[in-house]
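Report on the structure given below.
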Amino acid sequence: QVQLVESGGGLVQPGGSLKLSCAVSGSTSDNYAIGWFRQAPGKKREGVSCIWRTGSHRFYEDSVKGRFTISGDNAKGTVWLEMNSLKVEESAVYYCAAVLSAHKGCYSGAFYDGDLGDEYDVWGQGTQVDVSS
């Protein structure tokens with residue numbers, strides 16, 4: 001069974017930066033993608049970014065473009081999400097998730113198609129990000 005473990009969350013001031021990690025192990029799929037999602041209390045889950053295992057495709061929700069960077073290292077089995085210029089309203093639990101068929105869950109326009117998280121097969125436990133002064 002594929003396992004995902006997030007880390008790197010914590011408390012940062014508005015305008016600060018944070019880098020999240022997602023450790024991936026036990027994958028049996030050769031064409032999966034990893035997505036980052038976030039959910040604040042009382043709010044709907046939002047897609048943030050995603051990357052194909054090959055690294056050939058990376059996509060971002062519009063509000064984070066230019067501020068967040070997603071990257072991965074297959075040899076290390078790790079995907080990172082670097083977040084810069086963080087805003088208070090971006091406080092949430094951040095999750096990484098795997099979709100075993102990348103083209104179904106990570107594509108151009110994915111973040112305009114509703115909750116693409118429904119396409120994802122395996123989820124991590126989440127890591128808390130608090131943006132506060």
Distance in Å, [X] [atom1] paired with [Y] [atom2], rounded so as to fall on 0.5 Å steps:
X: L18; Y: E82; atom1: CG; atom2: CD; answer: 10.0 Å
X: S49; Y: R58; atom1: OG; atom2: CZ; answer: 9.0 Å
X: D130; Y: L86; atom1: CG; atom2: CG; answer: 11.0 Å
X: I51; Y: C22; atom1: CD1; atom2: SG; answer: 11.5 Å

Decide yes or no for [X] and [Y]: does some side-chain heavy atom of the first lie under 4.5 Å from some side-chain heavy atom of the second?
X: S133; Y: P14; answer: yes
X: Y32; Y: V24; answer: yes
X: W36; Y: Y95; answer: no
X: D73; Y: W80; answer: yes
X: Q128; Y: S91; answer: no
X: E6; Y: Q125; answer: yes
X: V129; Y: V93; answer: no
X: M83; Y: L20; answer: yes

* Asked: Is it the case that one hydrophobic cluster holds both W52 and Y107, taking links as side-chain heavy atoms less than 4.5 Å apart, direct or via other members?
  ->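 No, W52 and Y107 fall in different hydrophobic clusters.
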
* Asked: Is any side-chain N of the basic residue among D118 and K104 closer than 4.0 Å to the acidic one's carboxylate O?
  ->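 Salt bridge between D118 and K104, a charged N being under 4.0 Å from a carboxylate O: no.
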
* Ion pair present between E46 and R38, side-chain N to carboxylate O less than 4.0 angstrom? -> yes

* Asked: Judged by modelled atom types alone, do N84 and S17 share a side-chain donor-acceptor pair under 3.5 Å?
  -> yes

* Taking everything shown except K65 itself, do over 12 heavy atoms lie less than 6.0 Å from its NZ? ->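 More than 12 within 6.0 Å, yes.
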
Donor-acceptor contact present, side-chain [X] to main-chain [Y], <3.5 Å:
X: S101; Y: H103; answer: no
X: T78; Y: K76; answer: yes
X: R53; Y: A33; answer: no
X: T127; Y: S7; answer: no

* Asked: Among all residues two or more places apart in sequence or in another chain, which pass the side-chain contact (heavy atoms from CB on, under 4.5 Å) test with E89?
  -> K87

* Asked: Do F111 and C50 pass the side chain to side chain contact (heavy atoms under 4.5 Å, CB included) test, and can you show the C-alpha distance, the side-chain angles, and the key distance before you say yes or no?
  -> CA-CA 10 Å; F111 301 104; C50 62; 4.1 Å; yes

Closest contact, heavy atoms only, [X] versus [Y]:
X: C106; Y: Y120; value: CB-OH, 4.0 Å
X: A98; Y: L4; value: N-CD1, 3.5 Å
X: V48; Y: V64; value: O-CG2, 3.7 Å

* To do: Kindly write out the residues that satisfy ring pair (Phe, Tyr, Trp, His ring centres under 6.0 Å) with Y94, not counting sequence neighbours, or none if the list is empty.
  => none

* To do: Verify the ring-centre separation between F37 and W123: is it less than 6.0 angstrom?
  => yes

* **Stepwise side chain to side chain contact (heavy atoms under 4.5 Å, CB included) test for L81 and F68** => CA-CA 7 Å; L81 182 69; F68 289 15; 4.3 Å; yes

